[in-house]
Amino acid sequence: MITSAKLLSRYASLMGAFWLLGALWLNSQLLAESPEWPRFLNDDFSGSVDLDPEQATPSALSWNQPPKVAWALDLGDGYGLGVIRNGAYFHFDSVNGKERLRKVSLDQGEVLWTQTNEVTYRDMYGYEPGPRCSPTSDGDDIFTLGVSGTLTARSIQDGQQRWQVQTNDAYQVVQNFFGVGSSPLVLDDLVIVMVGGSPAADQAIAPGRLDRVSPNGSLAVAFDRNSGEERWRCGDDLASYSSPRTITLGNEVYVLMLARDHLHVIDPRKGKSIGQMRFRADILESVNAMTPVVRDNRVLIGDCYDSGAVLLEIDVQDDKAIFRDVWRDPAGNRRAQALRSHMSTPVLQDGYIYGCSGRNAPDSDFRCVEFLTGDVQWTALSRRRTNATRFGDVLLVLKETGPLHIVRCTPQSFDELAVWKLDEAIGDHAGLGYPCWAAPIVSGRKMLVRGDQNLFCLEIPEG
């Protein structure tokens with residue numbers, strides 16, 4: 001005879017099972033969606049994928065399973081990772097003296113179309129002559145900025161060129177140390193590019209002597225997205241390797257540019273810089289490369305040479321940007337600095353910054369820093385540079401040598417869930433080769449990770 005207590009127990013067990021199945025189904029459904037990654041650092045410049053914590057918790061997935069390669073792609077020269085738009089992946093590289101943009105099916109890895117243009121570039125330090133930055137997609141358009149300053153607008157559907165501008169020639173750009181490396185920003189009907197031109201006479205200056213080069217008011221140039229015609233130019237500065245991004249101040253959208261010498265606030269409606277703050281190490285061969293991290297009116301920037309990091313509050317008063325320090329690392333004292341960002345942009349989650357600190361492998365680590373105070377919470381992965389993407393409640397931390405560390409996103413400790421040795425062969429696929437300098441990108445149940453000559457489309461594990 002079944003008692004009431006037993007019936008209640010069985011009912012509770014069944015309800016628990018249904019709840020678990022429902023939670024797993026929701027988790028699967030949410031992760032199975034194919035959100036886009038339309039530009040460098042994603043659509044909100046955060047380098048993150050946000051998921052509903054009540055429906056999807058990536059930290060609970062089976063990361064200890066061996067990684068599975070859905071498809072792989074051979075790469076040419078270059079260092080950037082592409083973008084995801086309309087169920088396709090777009091990769092920008094160069095082969096045989098031509099810059100190449102390919103559209104690849106995200107599901108199957110099939111190359112759907114390939115478009116190229118001629119490029120002439122020689123790196124002063126022996127690095128690859130391919131693109132340094134990601135494309136930018138918006139609507140039916142995709143925009144690329146090549147290593148020699150070729151800005152090209154194409155159709156996402158068939159790759160046909162809409163227009164092209166040789167920005168280095170048009171604005172007399174003196175070659176930066178490693179060429180051009182800043183992704184375009186699409187804002188309404190404008191394509192805003194960090195150009196940083198100079199007077200024509202400066203072309204005679206010896207290579208690498210950027211301390212002798214003068215700006216000519218073309219740090220930022222806005223082009224009409226439909227025609228490629230110049231709409232405005234502004235800013236007395238040279239270009240860096242940071243990418244422009246937006247910030248909202250007083251209900252108006254402005255553009256931040258961390259250029260070679262200054263952080264600029266640009267009013268895109270008027271096409272003018274409304275304020276700048278100097279930020280660069282005094283070393284000649286130093287570059288600004290991280291993209292500013294923004295939360296409300298607070299902006300984090302940093303370098304790895306001398307300055308460390310600074311958190312600013314920026315306000316606009318009487319059409320002028322006002323900068324105020326919240327905290328600032330002590331210049332020149334590297335051991336006391338909270339964050340020394342170099343090629344990578346850290347990610348911000350729940351009031352804490354996670355990212356690589358250091359210039360080269362021997363003095364680098366991965367760390368967590370409180371955003372509002374600059375207090376270091378923990379450090380890990382010493383002596384190696386990394387790039388990181390946040391996927392829900394986990395960090396995907398890619399070492400430049402290829403291993404991928406899956407880490408719970410928490411300020412309490414470096415809580416490592418698994419390590420995928422992507423530098424080693426996976427089935428018939430050779431491992432990722434050094435350098436792995438691009439942070440992974442995620443779309444639904446797929447994660448894209450690149451090395452020097454190949455790219456993996458990996459399957460996100462099941463729950």
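Only this structure's heavy atoms are used, side chains among them; waters, hydrogens and symmetry mates stay out.
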Please list all pairs passing the salt bridge (charged side-chain N to carboxylate O under 4.0 Å, His left out) test where one or both residues lie in [range], with sequence neighbours left out.
range            : result
residues 151-164 : D140-R162, D141-R162
residues 232-245 : E230-R233
residues 249-259 : E252-R269

Kindly say whether [Y] contributes a backbone atom to a donor-acceptor pair with the side chain of [X] at under 3.5 angstrom?
X    : Y    : value
W63  : P58  : yes
W163 : L151 : no
R85  : G139 : yes
R132 : V180 : no
N288 : A259 : yes
S243 : S182 : no
R225 : D138 : yes
S240 : L258 : yes

Under the rule for side chain to side chain donor-acceptor pair (under 3.5 Å), what residues qualify as partners of [X], not counting sequence neighbours?
X    : result
Y352 : none
D423 : none
T150 : Q166

Does [X] reach the side chain of [Y], with side-chain heavy atoms less than 4.5 Å apart?
X    : Y    : result
P435 : D452 : yes
C133 : F40  : no
L112 : E110 : yes
D43  : E36  : no
Q160 : Q115 : yes
F90  : S137 : no
S242 : T291 : yes
S273 : L219 : no

Over 12 foreign heavy atoms within 6.0 Å of [atom1], [X]:
X    : atom1 : answer
R122 : CZ    : no
Q65  : CD    : yes
Q203 : CD    : yes
D428 : CG    : no

Quiz: residues 66-84 side-chain donor-acceptor pairs under 3.5 angstrom, not counting sequence neighbours:
from	atom 1	to	atom 2	distance (Å)
W71	NE1	L106	O	2.9
Y79	OH	E128	N	3.0

Flag the pair D50 and R390 as a salt bridge only when some basic side-chain nitrogen lies within less than 4.0 angstrom of an acidic carboxylate oxygen.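 Salt bridge between D50 and R390, a charged N being under 4.0 Å from a carboxylate O: yes.
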
Under a 4.0 Å threshold between the charged nitrogen and the carboxylate oxygen, would D267 count as salt-bridged to K272?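 Judged by the 4.0 Å cut-off on N to carboxylate O distance, K272 and D267 do not form a salt bridge.
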
Rounded at 0.5 Å granularity, tell me how far [atom1] in [X] sits from [atom2] in [Y].
X    : Y    : atom1 : atom2 : answer
N454 : C436 : CG    : SG    : 8.0 Å
R260 : S286 : CZ    : OG    : 5.5 Å
I441 : T389 : CD1   : OG1   : 8.5 Å
L455 : Y89  : CG    : OH    : 5.0 Å

According to ring pair (Phe, Tyr, Trp, His ring centres under 6.0 Å), who are the partners of [X], at least two apart in sequence or on a separate chain?
X    : result
Y171 : none
Y127 : F178
H262 : H264

Would you kindly say whether D107 and S105 are connected by a side-chain donor-acceptor distance under 3.5 Å?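 Side-chain D/A pair, D107 to S105: absent.
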
Would you kindly say whether S59 and D393 are connected by a side-chain donor-acceptor distance under 3.5 Å?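 There is such a pair between these side chains.
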
Set out, in order, the CA-CA distance, both residues' side-chain angles and the distance that settles side chain to side chain donor-acceptor pair (under 3.5 Å) for S183 and R39, then state yes or no. CA-CA 8 Å; S183 292; R39 60 188 172 198; over 6 Å; no

Donor-acceptor contacts under 3.5 Å from residues 185-198 side chains, at least two apart:
from	atom 1	to	atom 2	distance (Å)
D189	OD2	R231	NH1	3.2
D189	OD2	R231	NH2	3.3
S198	OG	S214	O	2.9

side-chain contact (heavy atoms from CB on, under 4.5 Å) partner of E99, chosen from V147, T144, T116: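 Checked V147, T144, T116 against E99; only one passes side-chain contact (heavy atoms from CB on, under 4.5 Å): V147.
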
All side chain to side chain contact (heavy atoms under 4.5 Å, CB included) counterparts of N387, not counting sequence neighbours: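 N387 satisfies side chain to side chain contact (heavy atoms under 4.5 Å, CB included) with S344, A439 once adjacent residues are dropped.
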
